[in-house]
Amino acid sequence: MAGSDLDRGTWSLLILRILEREKLHGYGIGALIRDRTCGRLDPDDGVLYPALRRMEREGWIQGEWGITDTGRKARFYALTGKGKAALREKAASWEEHAEAVFAVLRDSEA
Amino acid sequence: MKRLLRLRDLEPDPAQDIREELESHFELEVEALVAGGMAEDEARREAERRLVAHRLSESEARRCASSHRRRRRRASQLSFLLRETRFALRLFLRRREFSLAAVAVIAVGTGVTTLVFGVSDGILNPDLPYPRADELVYLENPAHTVPRYRDWRDRITSLQSASAVWELDVRVAGQPALSTLHAALVTPDFLPMFGATLALGRPFQADDFVGEPRSVILSDGLWRREFGADSTVIGRTLQLEGLQLTVVGVLDGAFVSPLALAGEAEDLYAPLDADRPDLQQDHQYVLGVFGRMRTGLDASIARMESERIAEELFRVNPARYTSRGSGQPISLRTAPLREAFTAGVERPLLLLFGAVLLVLLMGCVNLANLLLARGFDRTDEVGLRYALGAKRLAVVRQLLVESLTLSMAGGAAGLGLAAAGLRGLLAVIPAATPFVDQIGIDLRVVGFSVAVTALTGVLFGLLPAWFVSGVSPRRALAGHPKGGGEGRGARRLQRSLILLQTGLALVLVTSAGLLFNSFVRLRSVNLGFNPDGLLVVGLDLRGEQGPGTREELDKALLDAVLQVPGVGGAALGESAPFLHFSGRISGTFASSITSDAGSVIEARAGLHPVTAGYLELLGANLQGRTILQGDEALDPTPAVISRELAEGLFPSRNAIGRSFETDGRTFSVVGIVSGLHYWGQRATVHQIFLPWQSRAENASLVVRASADPGRLVPLIRDEISSLAPAAELGELYLMKDRVEESLAGPRFLMLAALGFALFAGVVAFSGIYGVILYVVARRRRELSIRLALGAPPSQLMWMAMRQVLLPAALGLGAGAVASLATARLLSSLLFGVGPGHWPTHLAAILLLGSAALLASLAPSWEIRSSGLPRYLQGE
């Protein structure tokens, strides 16, 4: 449940970033985010799947049914060209955004 | 509200893809949990908990549902169906064993039903090769006298035309010299009624039908066979039984007379003047009578009118319209012509069809039960769908699509089975069955198959679908997964299904038992003679004009045959035992017999002229003496009569030495023959054996072989053709084979019934077995707690068994009543046992009862090996 208050754009960014490395299914994406953030971010599937759907509609990712290593059926998502562009743009704007936020925070700490 | 918006984002395909993606997610989660060291069950519960806790509340689901409804309205129904079917197919691939079993059951069920429908349809609705064939009727009973035909013909108004035909074998002399032909004397309307057209010449005209016949129309077959299709045949003269007949026409090759459809094709047709004074005989039963309904009238109208005419005729002329056999007024009843060919087989076929439908129904019931049990495992999924906004109708529809997909797969396989089974079936169907050649898989049959398949799918799918769909989403997802759909209603349904299965099985088992019993009795009927080594050769001696007299020829024939090595004895008779069976009889009959004491018997008695030694040759059970050489010269003529006739004519007195009179001749009884089944196992016709008179045109040579009778056939044939070169060999049979042949029909019926009964028994057994295992599995927790509290294991077992045994017992009760009713329908097919034959009924009940008991003991077998406590805990 943690992290469900992140906004949509942030979730999209995380998902795009993960998919940049490999094709992966929804459950795997969720698990990776959880692992990388040591459980601090844990997207529930009420967030994850609608996000995936939205991104697919935007043409950033492409979903396809496939089989996992353990032989289970799952829908795998891959990044499209449009998605790569979106990732670059979002990543840049997020860094900008984050720097701005940090700047404010540091400022207030100081 | 925020979440709702997110759910909306599931567009464009929320119903389908997301459901599967969530299922996949669920499985992956379980997998991960198991990999992390969790037990599978626990992992599933945990994954379920997460799924539910994360996302859904009922009110959200409902709000979401309304948005779904709007979207669904836009979706095309067809693509929706396609999607559901795809989903069903994927599901079946996942549950391979279950799906295969279901498809197999449906394939067998619909296959057999289709097969039997195909057979019945071909036989019961034959395509008669006549214009507007549904207007054609015939007068029931095979033969009518000329005066009765005229009386009837002059009165009936619901027919546009009536006709009669007299079939007889005639000798023909002239160019070319023909021997024996099968002729039909026909009244004016006969050929037009059946749409006969001519290839050559002219039809009969009005003046052809005055007095004795003078003209003849040849059949296409005779014209080609004997006249080399010579078109100058018109105008030639044939000598026919002393009459000079001019050939006026040749029939078209496509014409098949109704008599030929059921038996022998006619070679030629001659006009019959029904008003000829010399034909007005009250004892000549010779005419087959046909009619064509006035257009637009129903066949039942002619039937009613005919019956009324018969009553009226009886009032006017009681003597002519009283049956000689029964003393009752005779009935004149018309029936659709089609029934002339199906009357004998209709009942067995309909019963067969009924049995097959029952079996199919049982298969459905079992599948329904199976799905019902399995259905409880799907409550999670159904709950999830509700949660995602599906309506109950949609869920029922999805489940129905599943069962229909299954049944269609089974139905397709079943059609293949039916086609394959047809070949096998045609091999065992009694060859005498009419219209066997019309049996096949045609469009009607395929249509029927599709309908049955669809019905099966709906039938076995609907009930479980309704119950599973009755699940509440919250309970299904949050509650104990196995307990979700478990309602009082579902349990009651399961029990009713057991009841139904047991009842249906009992009906089939009892019917099979009765037919089996009948067959055994029919088979073990003491024929009253010894069929072993008996050989019958039919002879037609009319063409034979050898040097000596007929007496000399008969004697020479017998002597020659007796010289053949391996022949133990030989005799001649006008007919032979089992020349006909299954109700048909032929030969000469006396219909009214008066004893010397004045008592009269009005019943048919076969008159059998036989040579000396005929009865001993058969091995008949004789009292008094047999027919001897020289008896034919005595006056009164010595006769051997059957015991029943003797007892009827001379009640409580010794018949031997007495005399009786029939057809103007006086006979003295010299012997009595007991229990001779001359015309088949069932027939009970009186018999009178007379001395041979060497004038019978048809004769049966009966030979007793000391070794293999089959080997004698060519030898005997040689003897006959060297002595009487013009003699035609008629029917030739080994008595043992013939007796077997006469049992083919009943055997087929019995085997079919046993097959169905076996299938029904297995279905009922497996049904009960499945349910008891399910009951115990479902109540494991409760049972183990009771066990822990000290309840004796036997009591717990009984608790479970009661769940299936009570409905099974009720089913047996209901089935017993239904069996009695069914047995009544069977009664005309039974022999030696009545429909209420209680040992059979009791045996069937005991058999199924113990099968049910055995099936209900299923869990206790497992308990024996693992012990009850472990069994109960070993989930």
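The shown structure was predicted, so the numbers you read here are calculated from the model rather than taken from an experiment. So that the names make sense, note that chain A is the first sequence line, chain B the second, and so on, each numbered from 1.
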Going by residue number, which parts of residues 20-29 of chain A are within reach of chain B, meaning a heavy-atom gap below 4.5 Å?
A:His25, A:Tyr27
Does A:Glu58 CD have over 12 foreign heavy atoms under 6.0 Å away?
yes
Is it the case that atom CZ in A:Arg72 sees more than 12 heavy atoms from other parts of the structure closer than 6.0 Å?
yes
